[in-house]
> 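Before anything else, here's the structure in question.
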Amino acid sequence: MEVFTTRIDGFIPLKERWKVAIAAQVTRCLHLGIIADDQALNLRKQISKRNWRKREPLDNILKPEEPILLRKCFGLVTSVANRLGE
């Protein structure tokens, strides 16, 4: 387990490592029982207070991943469908 603190700033390095939004990390920690409901509520309030609902730290540095495998699968399916249609 890599969650060492329930301070909101403690989730920033985890975002860099996992490339998962801080709000999503808070929700996941709640579902796994790592944090209690009141802690999750407090963290969500901090996220809102810091205006992180739309833009979190590292959003300008971390680039979204490209779904390469999905594109390859779609290309394969369409090429097979074209061959079958000929």
Side-chain angles (χ1 to χ4, degrees):
M1 176 170 41
E2 294 184 50
V3 179
F4 299 111
T5 180
T6 56
R7 289 181 39 242
I8 195 69
D9 292 328
F11 287 92
I12 296 172
L14 299 178
K15 177 178 180 167
E16 185 174 15
R17 176 174 165 77
W18 296 338
K19 298 181 180 36
V20 174
I22 295 170
Q25 292 179 48
V26 169
T27 300
R28 184 67 176 149
C29 285
L30 175 64
H31 291 164
L32 292 174
I34 297 171
I35 60 175
D37 290 336
D38 58 333
Q39 289 173 306
L41 179 61
N42 184 26
L43 289 167
R44 288 186 188 117
K45 286 180 180 179
Q46 290 180 54
I47 289 170
S48 292
K49 184 178 179 182
R50 295 179 184 208
N51 295 318
W52 288 0
R53 286 281 170 217
K54 294 183 180 180
R55 190 172 178 95
E56 292 183 351
L58 305 178
D59 280 353
N60 57 338
I61 298 170
L62 299 176
K63 302 297 177 198
E65 293 183 359
E66 293 289 324
I68 297 169
L69 186 59
L70 180 63
R71 187 180 311 128
K72 288 181 179 180
C73 289
F74 183 74
L76 179 64
V77 168
T78 55
S79 68
V80 168
N82 288 339
R83 287 186 200 146
L84 292 175
E86 292 177 355

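Residues take their numbers from the sequence shown, with the count starting at 1.
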> So, taking the atom named CG in L76 and the one named CZ in R71, what distance separates them when rounded to the nearest 0.5 Å?
14.5 Å
> Hey, does the side chain of N42 reach the backbone of D38 with a donor-acceptor pair shorter than 3.5 angstrom?
no
> If hydrophobic clusters are built from ILVMFWY residues whose side chains come within less than 4.5 Å, do V80 and F74 share one?
no
> Please say yes or no: joined through hydrophobic side-chain contacts below 4.5 Å, possibly via intermediate residues, are I61 and V20 part of one cluster?
yes
> Counting N and O atoms only, with roles assigned by atom type, does the side chain of E56 sit under 3.5 Å from a partner on the main chain of I22, one being a donor and the other an acceptor?
yes
> In terms of heavy-atom contacts, does CZ of R53 have more than 12 from other residues, nucleotides or ligands at under 6.0 Å?
yes
> Atom OG in S48, atom CG in L43: separation rounded to 0.5 Å?
11.0 Å
> Atom OG1 in T78, atom CZ in R83: separation rounded to 0.5 Å?
9.5 Å
> Does any part of the side chain of D59, heavy atoms only, come nearer than 4.5 Å to the side chain of W52, both counted from C-beta?
no
> Should N60 and R55 be marked as a side chain to side chain contact (heavy atoms under 4.5 Å, CB included) after you check the CA-CA gap, both sets of side-chain angles, and the distance that decides it?
CA-CA 9 Å; N60 57 338; R55 190 172 178 95; 3.2 Å; yes
> Would you find a donor on one side and an acceptor on the other, under 3.5 Å apart, between the side chain of K15 and the backbone of P57?
yes
> For residues K19 and L58, determine if any side-chain heavy atom of one lies less than 4.5 Å from a side-chain heavy atom of the other.
no
> Any link between L41 and I8 through a network of hydrophobic side chains (Ile, Leu, Val, Met, Phe, Trp, Tyr) touching at under 4.5 Å?
no
> Does L32 share a hydrophobic cluster with L30, counting links as ILVMFWY side-chain heavy atoms below 4.5 Å and allowing steps through other members?
yes
> Taking salt bridge (Lys or Arg N to Asp or Glu O under 4.0 Å) as the test, write out the residues that go with R28, two or more places apart.
none
> For a side chain to side chain contact (heavy atoms under 4.5 Å, CB included) check, start with the C-alpha distance between R50 and D9, then their side-chain angles and the critical distance, and finish with the verdict.
CA-CA 11 Å; R50 295 179 184 208; D9 292 328; 2.6 Å; yes
> Would you give the length of the straight line joining atom CD of Q25 to atom CD1 of I47, rounded to the nearest 0.5 angstrom?
9.0 Å
